[in-house]
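To start, the structure under review is shown below, and the notes come after it.
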Amino acid sequence: TGQTTRNSDSFGEDSFYNINPPSFKANSDGTVTDLVTGLQWQQADNGEMTWDSGVAFCNKLTAGGKDDWRLPYIQELFSIQNQGKNFPALDTNYFTKSDAEYWWAIEERVGRNDYAWATNAGGGAGAHPKSETISAGGKMRYHVRCVRGETLGDTATPRYVDNGDGTITDNRTGLVWQKTEGLSSATWDEAINYAYGLVFAGHDDWRLPNVKELESLSNPYAIKPAIDSNFFPSTQNAPSWSSTTLLARRGNPYQAWSLDFNYGVVDYHPKDNK
């Protein structure tokens, strides 16, 4: 996630681990290659526009000698967020800073085609009215950054395996998850400590997922819960903690990122919430 600073005395928070840290290569053609995912991005976004205009723009784009650009899936767009930075939550050593408040993703919200998914400059993600952007008569700046490469975010494609021992393997990410939630109610520290001390299904290297790992479970094609319920049948329609602390404008180690499985929104809450 790009977060490397310890924010608590609990072992197992995001910065405790160094797994697939962000790694980019700036190309000489106005594009950036993500060396973790293999995706290629526009270095600068294309400015404010409506969602429909963004879809059309990316589909017609020719850049870096390529013409297979597209508007990214929300998981792809969230993959370049950097929770060690904010406003924007992007590595501006590689991505050109703009005045964007949000960036559009390709998915519309299930049951509401007047909403579309987006990431925001503070580090979160959610579905928003398409009318919020300035070009559609709103007051917010929704920008577009196109991507190319093998898709990460098509969660309509089956990808899970039930291991028969209370765990589920995600073949797309390689992560192994508990099939059922371990705690129905916990503060952030309680969740961190529970996961770090867990011995389950023959393994003792469990941990609370960071916010990018947790977001990878979100299914934008489902709501209440926003997850594949065939494999995670007991998921509550409620926020679930990540191990990632919120990096606020003035520094605030007392809130942490979560994923609300009602609609799949990436948001934050005080760490003492249950």
How about [X] and [Y]: do any of their side-chain heavy atoms sit closer than 4.5 Å?
X	Y	result
Glu181	Thr235	yes
Tyr254	Pro270	no
Glu13	Arg6	yes
Tyr160	Leu217	yes
Phe232	Thr180	no
Asp67	Leu61	no
Glu215	Trp257	no
Leu208	Ser242	no

Asp9 atom CG: more than 12 heavy-atom contacts under 6.0 Å: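 No - once you tally the heavy atoms of other residues, nucleotides and ligands closer than 6.0 Å, there are 12 at most.
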
Is the count of non-hydrogen atoms from other residues, nucleotides or ligands lying under 6.0 Å from Tyr268 atom OH greater than 12?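 No - once you tally the heavy atoms of other residues, nucleotides and ligands closer than 6.0 Å, there are 12 at most.
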
Among Thr245, Thr187, Asp189, Asn7, which residue satisfies the side chain to side chain donor-acceptor pair (under 3.5 Å) criterion with Lys271?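 Looking at Thr245, Thr187, Asp189, Asn7, the match for Lys271 under the side chain to side chain donor-acceptor pair (under 3.5 Å) is Thr245.
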
Result of checking Lys212, Arg172, Glu107 against Gln75 for side chain to side chain donor-acceptor pair (under 3.5 Å):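 When side chain to side chain donor-acceptor pair (under 3.5 Å) is applied between Gln75 and each of Lys212, Arg172, Glu107, only Arg172 qualifies.
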
[X] to [Y] - nearest heavy-atom pair and separation:
X	Y	answer
Trp241	Leu214	O-CD2, 3.6 Å
Trp69	Gln40	CZ3-O, 3.4 Å
Arg112	Glu108	O-CB, 4.5 Å
Gln83	Gln3	O-NE2, 3.2 Å
Gly182	Tyr194	CA-OH, 3.2 Å
Ile227	Ala222	O-CB, 4.0 Å

Out of curiosity, does [Y] fall in the hydrophobic cluster containing [X] (side-chain heavy atoms, cut-off under 4.5 Å, transitive links)?
X	Y	answer
Ile74	Tyr115	no
Met140	Met49	yes
Phe24	Leu77	yes

Sort out for me which residue in Leu90, Val32, Asp91 forms a side-chain contact (heavy atoms from CB on, under 4.5 Å) with Ile80.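 With Ile80 as partner, Leu90, Val32, Asp91 yield a single side-chain contact (heavy atoms from CB on, under 4.5 Å), made by Leu90.
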
Could you give the distance from [atom1] ([X]) to [atom2] ([Y]), rounded to the nearest 0.5 Å?
X	Y	atom1	atom2	value
Thr173	Arg159	OG1	CZ	6.5 Å
Ser10	Asn193	OG	CG	4.0 Å
Gln43	Thr96	CD	OG1	4.5 Å

Pairing residues for Glu213 by the side-chain contact (heavy atoms from CB on, under 4.5 Å) criterion, not counting sequence neighbours: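 Scan of Glu213 (side-chain contact (heavy atoms from CB on, under 4.5 Å), adjacent residues dropped) gives Leu175, Trp177, Arg207, Pro209, Asn210.
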
Which residues pass the side-chain contact (heavy atoms from CB on, under 4.5 Å) test with Arg70, not counting sequence neighbours?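 Arg70 satisfies side-chain contact (heavy atoms from CB on, under 4.5 Å) with Leu39, Asn59, Tyr73, Glu76, Val147, Thr151 once adjacent residues are dropped.
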
Please check if any side-chain donor atom of [X] sits under 3.5 Å from a side-chain acceptor atom of [Y], or the reverse.
X	Y	value
Asn163	Thr169	yes
Thr31	Asp29	yes
Thr33	Asn27	yes
Asp45	Trp103	yes
Gln236	Ser184	no
Arg145	Gln42	no
Ser243	Asp14	no
Tyr142	Glu48	no

Can Asp114 and Lys130 be said to form a salt bridge (charged side-chain N to carboxylate O under 4.0 Å, His left out), step by step? CA-CA 6 Å; Asp114 57 333; Lys130 295 177 182 178; over 6 Å; no

Has Trp206 got a side-chain atom pairing as donor or acceptor with Phe200's backbone, closer than 3.5 angstrom?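 Checked: pair present.
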
May I have the step-by-step check of side chain to side chain contact (heavy atoms under 4.5 Å, CB included) for Tyr94 and Asn82, ending in yes or no? CA-CA 12 Å; Tyr94 295 95; Asn82 189 312; over 6 Å; no

Could you walk me through whether Thr50 and Asp52 pass the side chain to side chain donor-acceptor pair (under 3.5 Å) check? CA-CA 5 Å; Thr50 65; Asp52 293 283; 5.0 Å; no

Would you call Asp68 and Arg148 a salt bridge, using N to O less than 4.0 angstrom?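 Result for this pair is yes, salt bridge flagged.
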
Does a side-chain N-to-carboxylate-O contact under 4.0 Å join Lys179 and Asp162?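 The answer is yes: the pair qualifies as a salt bridge.
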
Starting from the C-alpha separation in whole Å, work towards a yes-or-no answer on side chain to side chain contact (heavy atoms under 4.5 Å, CB included) for Thr5 and Ser15. CA-CA 6 Å; Thr5 302; Ser15 60; 5.6 Å; no

Val144 vs Leu71, side chain to side chain contact (heavy atoms under 4.5 Å, CB included): CA-CA, chis, key distance, verdict: CA-CA 8 Å; Val144 166; Leu71 197 64; 3.7 Å; yes

Give the ring-plane orientation class for Phe11 versus Tyr196, where under 30° counts as parallel, over 60° as perpendicular and anything between as tilted.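 The rings of Phe11 and Tyr196 lie parallel, inter-plane angle below 30°.
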
Carefully, step by step, assess His143 and Tyr102 under the rule ring-ring contact (aromatic ring centres under 6.0 Å, His included). CA-CA 6 Å; His143 286 209; Tyr102 299 88; over 10 Å; no

Donor-acceptor contacts under 3.5 Å from residues 116-126 side chains, at least two apart:
{"residue": "Asn120", "atom": "OD1", "partner": "Gly122", "partner atom": "N", "Å": "2.9"}
{"residue": "Asn120", "atom": "OD1", "partner": "Gly123", "partner atom": "N", "Å": "3.0"}
{"residue": "Asn120", "atom": "OD1", "partner": "Gly124", "partner atom": "N", "Å": "3.0"}

